[in-house]
Protein chains: 4
Amino acid sequence: MDHHPTSGLWSGPSKRDAILAGAYRAFARYGYANTKIETIAELAGVGKGTIYLYFENKEDVFRQMVKELIERHLDALRGRLSGDGSPGARLLAVFELHMAILKRHPYSFSLHGRDVGPADEDLRNWLREQKRRFIRDLERTIEEGIRTGEFRRVNARSAALWVFALLGIAFLEEVLQDVGWEDRLKTFIDLMRNGLWSQPNDTALV
Amino acid sequence: MDHHPTSGLWSGPSKRDAILAGAYRAFARYGYANTKIETIAELAGVGKGTIYLYFENKEDVFRQMVKELIERHLDALRGRLSGDGSPGARLLAVFELHMAILKRHPYSFSLHGRDVGPADEDLRNWLREQKRRFIRDLERTIEEGIRTGEFRRVNARSAALWVFALLGIAFLEEVLQDVGWEDRLKTFIDLMRNGLWSQPNDTALV
Amino acid sequence: MDHHPTSGLWSGPSKRDAILAGAYRAFARYGYANTKIETIAELAGVGKGTIYLYFENKEDVFRQMVKELIERHLDALRGRLSGDGSPGARLLAVFELHMAILKRHPYSFSLHGRDVGPADEDLRNWLREQKRRFIRDLERTIEEGIRTGEFRRVNARSAALWVFALLGIAFLEEVLQDVGWEDRLKTFIDLMRNGLWSQPNDTALV
Amino acid sequence: MDHHPTSGLWSGPSKRDAILAGAYRAFARYGYANTKIETIAELAGVGKGTIYLYFENKEDVFRQMVKELIERHLDALRGRLSGDGSPGARLLAVFELHMAILKRHPYSFSLHGRDVGPADEDLRNWLREQKRRFIRDLERTIEEGIRTGEFRRVNARSAALWVFALLGIAFLEEVLQDVGWEDRLKTFIDLMRNGLWSQPNDTALV
DNA sequence: AATGAATGAGAATTCATTCAT
DNA sequence: GATGAATGAATTCTCATTCAT
């Protein structure tokens, strides 16, 4: 069984990692506002004061936690994007991995979808930049697919946005638990490939 | 001049509306934890104490604000979904309206996607129910389209999820401002109709 | 009986005054480090939070308290310095008032002599400036006395320093309680007037 | 080169001395409350834990530091007081040395005059006792001078207080840097000898 | 109804002190 | 002896909520 790149989030022996792991669980469970530093410390198995040896304050713990979380996730996806196979195969691989990660880290959801904590300007900018970079990577892959003829001739930039949006399906986790992951993934990929309409059509809208 | 159903969110003269409008701006800008009741009062142009004449407490302000926001948004979309035209045309109309609303309410996305505030069980359940209901409506429309032959024979439930996910494109608002709304919308709809791949293909994944 | 200008320190009805009065008592009794904000609040008869409506933080309470205390004291002394009578008489009046104030405000001592709290740069500069100003006023009075022939021809600036140093006698309050105020004042004034030596002498030192 | 008794305060190679020297600088600069044990350790060039090998706690560091500082200073002055020469000459010698010490140890004044740290009963009593003893020594010298006719017939106890107060001139160090030490000392001594008034006068006050 | 000064429960943060290395 | 990472008791400070006006 392969060791999933993100399954052992903050599993290192360092106090810093222990704190981030505790913060992850606490924030996911209670939301930012309802998480006490003391709770994080308890979950991390360290003293309250220790947190302040490694982080500025509560907001800083949150910020660094989110940053590492997103960074690892996107890095993992990027690994697939620049892997082997045709652009289409790589795009599907990204999808597959994304879903797998979310499946194993239900908490991750809460963070994406629920309470990204204080709308810290720094964090917001960082997130924006990360998204931008990832979308750029998607764009290049799509351009390549267009060149090889695997993809239709679409606006690569907009298509990258579209693919990124599809990754947002994460949000729906808690919405429909009655649809199995397998089915869901299969349909998504089918739609991504072939679209919803039975007849090709690009009549102007409205 | 048509009066857009959701464009004038809380534009009424009532204090309650003023408070919700202030809360909307404050929560979107600072996040739940960093928003002070006092700030909401200032933005609303009322006294701090007044808020407690209309709401139970801070969480209640947040809850009602989100509920009304989502309710109006989804009601508007539902109006299009049950309007005139073929299932496909109605689906596109929903898309179009969704984008238009987000265009006018840039803050809105923060609330949809990220900062749903405190881990309030009640609100979370309500949101889940709303999404479920809306997805069910999408599902029925897609089933109808499949029956009429307009759509391909796909798993309607999963396809509904997929469409809902696409609405999440809202997130990208702040990410890529260099892509015009028109272009983006056109490409999205094209992809939704026809998919990204040039050759129809439904080989099993992996 | 005349109402002493500094006897009713912070006797106003305002919360701010009440807090400063409480702070005065608390700091004098326990020293800066051992004074809790809560204690000040209790002595002031207000809630803990109220203090933060009027002051930045503990250090700010201390700073403003000292400033007002010194300001009133020096203003009172200055009143005598610019009053009626010959320069010599005015100088003696300053002395007399200074001693009287210290006699009535034993706490004041503790503050002067014991724990002037955090060596806050701002406060230190302010104190220095106050002393400087007061010494300048003393200097002018001494110059006037030299002109009128009441005083000997000395370096007025240095003499002003000397007089100011004598006011520091305050410190000795707690040292020798066995010497009565009357005797002490009489001797001090005598020495200030006539010096300690029986024979005039200005042989070079060393 | 003469080894000035107090000039090389805590200059020994022992850790204990290094700590006291660091504490001296830290307390003088930041005040008791704002001085962290860690800062003292840094200034002393030792580890934080080392301090607890030589001292009970923070208060103990402060107490011992002040005690040694004052003890050395007063011992040095006492040496002059019981030296050679007439009582008047010895008094002037004390003055001279006092000024010299302050000149080399500008921080010193903060400790003498202001920030005697926490309202530690033990330290306060010790300081009172030290002052009392020194003033008694001054008193004896003055009595001797009165007997020999060098000094005028004044209340020796009050005169001793007066002289001690004059030593408080230390305070003025930071106030007036534009007056040279030489001029200042000369004027002070002149005033101490001859008084400020040109005509002997001991009319009762008030 | 409307207000905002006042409050204090509750959370964040600090830092003297300990103790394993 | 020396150290400094770790700790949690003790304090500062915040801010939702109340209530007299």
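In what follows, chains carry the letters A, B, and so on, assigned in the order in which the sequence lines appear, proteins first and then strands, with residues in each chain numbered from 1.
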> With sequence neighbours left out, what residues match A:Asn57 under side-chain hydrogen bond (donor to acceptor under 3.5 Å, both in side chains)?
Replying inline: none

> Taking only N and O in the side chain of A:Tyr52, is any of them less than 4.0 Å away from OP1 or OP2 of E:dT14?
Replying inline: no

Considering only nitrogen or oxygen atoms on both sides, find all protein atoms under 3.5 Å from nucleotides 5-7 of chain E and state each distance.
unit_1, atom_1, unit_2, atom_2, d
E:dA6, OP2, C:Tyr54, OH, 2.5
E:dA6, N6, B:Lys48, NZ, 3.4
E:dT7, OP2, C:Gly47, N, 2.9
E:dT7, OP2, C:Thr50, OG1, 2.2

> Closest approach of C:Thr39 and C:Ala26, non-hydrogen atoms and distance?
Replying inline: CG2-CB, 4.4 Å

> With A:Asn125, which residues qualify under side-chain contact (heavy atoms from CB on, under 4.5 Å), at least two apart?
Replying inline: A:Glu121, A:Arg128

> Excluding sequence neighbours, so at least two apart, what forms side-chain contact (heavy atoms from CB on, under 4.5 Å) with C:Ala41?
Replying inline: C:Val46, C:Ile51

>> Within 45 degrees of the ring normal and closer than 6.0 Å to the centroid, is that where the cationic atom of A:Lys58 sits relative to A:Tyr52?
In response: no

> Below 4.0 angstrom, N of the basic side chain to O of the carboxylate: do C:Asp60 and C:Lys67 qualify?
Replying inline: no

> Taking for each residue the nucleotide of DNA chain E bearing the nearest heavy atom, is the 5' side occupied by D:Lys36 or by A:Lys58?
Replying inline: A:Lys58

>> Can you list every stem that DNA chain F is part of, counting only runs of 3 or more consecutive Watson-Crick or G-U wobble pairs with both distances under 3.5 Å?
In response: E:2-21 with F:2-21

> Roughly, in whole Å, what's the span from CD1 in C:Ile37 to C1' in F:dT12?
Replying inline: 7 Å

> In chain order, what residues pass the side-chain contact (heavy atoms from CB on, under 4.5 Å) check against B:Glu42, with sequence neighbours excluded?
Replying inline: B:Glu38

> B:Thr39 near the nucleic acid: base, sugar-phosphate alone, or nothing, with a heavy-atom cut-off under 4.0 Å?
Replying inline: nothing

> C:Phe62 has an atom CZ; how far is it from atom P of F:dT12, in whole Å?
Replying inline: 14 Å

> Salt-bridged, A:Glu68 to A:Arg16, with N to O below 4.0 Å?
Replying inline: yes

